[in-house]
Amino acid sequence: MYQPIRPSRSDFVPIRLHDYHVRLWGEPAPGRTPLVLLHGWMDVSASWQFVVDALPGEPFVIAPDWRGYGLTTAAPVDNYWFGDYLADLDFLLDHYAPDRPVHLAGHSMGGNVAMLYAGIRPQRIRRLVNLEGFGPPPAGSADVPARYARWMDELKQFHGGRMALARYDSVDGVARRLMKTNPRLPRDQADWLARQWSAEVAQPDGRRAWRILGDEAHKIVFAQPMRVDDVLALYRAITAPVLAMEAADDSLAKWWPGHYTLDDYHARLREIADCTVVRIEDAGHMLQHDQPGAVAARMAQFLDR
């Protein structure tokens with residue numbers, strides 16, 4: 001099994017009625033800009049371990065488990081709102097970096113949070129790295145009624161017990177699930193990550209099972225679609241230099257073929273004053289797992305400029 005080179009330590013921070021779990025690597029120091037890493041949908045902060053291990057020097061790294069993920073706890077809810085991630089991040093930075101800007105990096109949903117936050121609080125971000133946080137596909141006002149209907153239908157499915165996440169008979173089953181989702185993930189890393197991504201629980205019949213450390217309510221669509229015009233307004237407000245990493249596999253071609261393309265995404269990025277796009281070869285959407293060394297090298301080179 002994979003053995004971390006830089007083991008993390010856990011911190012718990014009260015944020016907006018949540019007990020936020022935060023992984024920390026390294027120590028704060030004068031002149032050392034904190035690096036804040038934001039994980040994506042149905043993921044956990046430990047997902048960054050392989051990148052952190054490949055970073056040069058002695059960085060001080062902060063990585064939260066978003067609300068409803070990992071070891072972050074709160075009272076149960078039946079759906080989530082995107083704006084809450086932005087506010088949670090603002091409170092998190094108040095705790096760890098109240099009087100200094102940070103380097104901010106996010107993957108997928110975490111990349112979307114990072115991009116929008118950098119436009120809302122530009123003074124808090126020194127440099128920004130976005131790993132496959134593409135933002136929303138185009139949607140118009142005509143889509144709104146169906147979106148709200150879908151949200152309400154999924155709430156009913158959730159309360160009817162029809163959105164439960166799968167459980168596994170062993171941690172090995174979780175590791176196999178991770179490798180099935182991402183065939184590039186090495187077995188030793190999958191074995192380690194499975195133990196961070198899930199927890200052992202008792203079943204009603206007394207048997208033990210492993211459940212994913214993610215709330216089923218995250219499967220429910222956001223009620224309000226994000227408008228591209230609003231996203232672009234926030235992109236234009238970003239003052240930090242941005243490094244946009246994308247995988248060679250072209251995730252958008254798989255998710256929204258012909259509807260939202262890499263060319264469309266690149267056109268959005270041109271709204272940012274200072275943005276560089278780099279491609280990570282031999283990688284899919286989980287590029288921080290597929291090529292952690294390449295991601296860390298690109299990130300370190302950019303942050304040290």
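No donor-acceptor distance shorter than 3.5 angstrom exists from the side chain of Trp197 to the backbone of Val44, with no hydrogens or angles considered. Checking side-chain atoms of His39 against main-chain N and O of Ala46 turns up no donor-acceptor pair under 3.5 Å. Of the possible donor and acceptor atoms, one in the side chain of Tyr20 sits under 3.5 Å from a partner among the backbone N and O of Arg67. Checking side-chain atoms of Asp143 against main-chain N and O of Gly140 turns up a donor-acceptor pair under 3.5 Å. Formation of a donor-acceptor pair under 3.5 Å by the Glu200 side chain with backbone atoms of Arg208 is not found in this model. Side-chain N or O atoms of Arg6 include none that pairs as donor or acceptor with a backbone N or O of Gly26 at under 3.5 Å. Judged by distance alone, the side chain of Asp90 and the main-chain N or O of Ala87 form no donor-acceptor pair under 3.5 Å. Using a distance-only test at 3.5 Å, with no hydrogens or angles considered, no donor-acceptor pair links the side chain of Gln288 to the main chain of Ser47. The backbone N or O of Arg184 lies less than 3.5 Å from a partner atom in the side chain of Asn182, making a donor-acceptor pair.
With hydrophobic clusters built from ILVMFWY side chains whose heavy atoms lie under 4.5 angstrom apart, Tyr260 shares a cluster with Met109. Hydrophobic cluster membership differs between Val231 and Leu131, with clusters built from Ile, Leu, Val, Met, Phe, Trp and Tyr side chains linked at under 4.5 angstrom. The hydrophobic clustering, which links ILVMFWY residues whose side-chain heavy atoms are closer than 4.5 Å, places Val36 and Met115 together.
With Val278 as reference, Met245 is the one residue of Met245, Met299, Gln301 to meet the side-chain contact (heavy atoms from CB on, under 4.5 Å) rule. Under the ring-ring contact (aromatic ring centres under 6.0 Å, His included) rule, Phe222 has a single partner from Phe82, Tyr148, Trp151, which is Phe82. Here the options are Leu35, Leu243, Leu128, Leu55, the test is side-chain contact (heavy atoms from CB on, under 4.5 Å), and the partner is Leu303; only Leu35 passes. Screening Arg150, Lys156, Gln157 for a side chain to side chain donor-acceptor pair (under 3.5 Å) involving Glu154 leaves a single residue, Arg150.
For residues 23-33, every residue pair satisfying the side chain to side chain donor-acceptor pair (under 3.5 Å) rule, not counting sequence neighbours, is listed here: Ser8-Arg23, Arg9-Glu27, Arg23-Ser45, Trp25-Gln49, Thr33-Arg126.
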| said: Please evaluate residues Arg187 and Asp191 with respect to the criterion salt bridge (charged side-chain N to carboxylate O under 4.0 Å, His left out), reporting the C-alpha separation (whole Å), side-chain torsions for both, the decisive distance (0.1 Å), and the verdict. | reply: CA-CA 6 Å; Arg187 180 60 194 244; Asp191 286 341; 2.8 Å; yes

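With sequence neighbours left out, the salt bridge (charged side-chain N to carboxylate O under 4.0 Å, His left out) criterion links Arg305 to no other residue. Contacts of His285 classified as ring pair (Phe, Tyr, Trp, His ring centres under 6.0 Å), with partners at least two apart in sequence or in another chain: His107, Trp255.
Judged purely by distance below 3.5 Å, without hydrogens or angles, the side chains of Asp215 and Tyr80 pair a donor atom with an acceptor atom.
Within a 6.0 Å sphere centred on CD of Glu58, other residues, nucleotides and ligands contribute 12 heavy atoms or fewer. Within a 6.0 Å sphere centred on CZ of Phe91, heavy atoms belonging to other residues, nucleotides or ligands number 12 at most.
Considering CH2 of Trp210 and CG of Asp169, their distance stands at 11.5 Å, rounded to 0.5 Å. From Asp99, atom CG reaches atom CG of Asp94 across 10.5 Å, with rounding to the nearest 0.5 Å. Distance CH2/Trp41 to OH/Tyr69: 6.5 Å, rounded to 0.5 Å. Remark: Arg270 CZ to Leu232 CG distance equals 11.5 Å, nearest 0.5 Å.
Residue Pro34 comes nearest to Ile62 through the heavy atom pair CB-CD1, 4.0 Å, listed as atom of the first residue, atom of the second, then distance. Nearest heavy atoms, Ala244 versus Leu269: CB-CD1, 3.8 Å. Minimum interatomic distance between Leu213 and Ala199 (heavy atoms only, all atoms of both residues): CD2-CB, 3.7 Å.
Under the 6.0 Å distance and 45° angle rule, Arg127 counts as a cation-pi partner of Phe302.
Centroid-to-centroid, the aromatic rings of Trp192 and Phe50 come within less than 6.0 Å.
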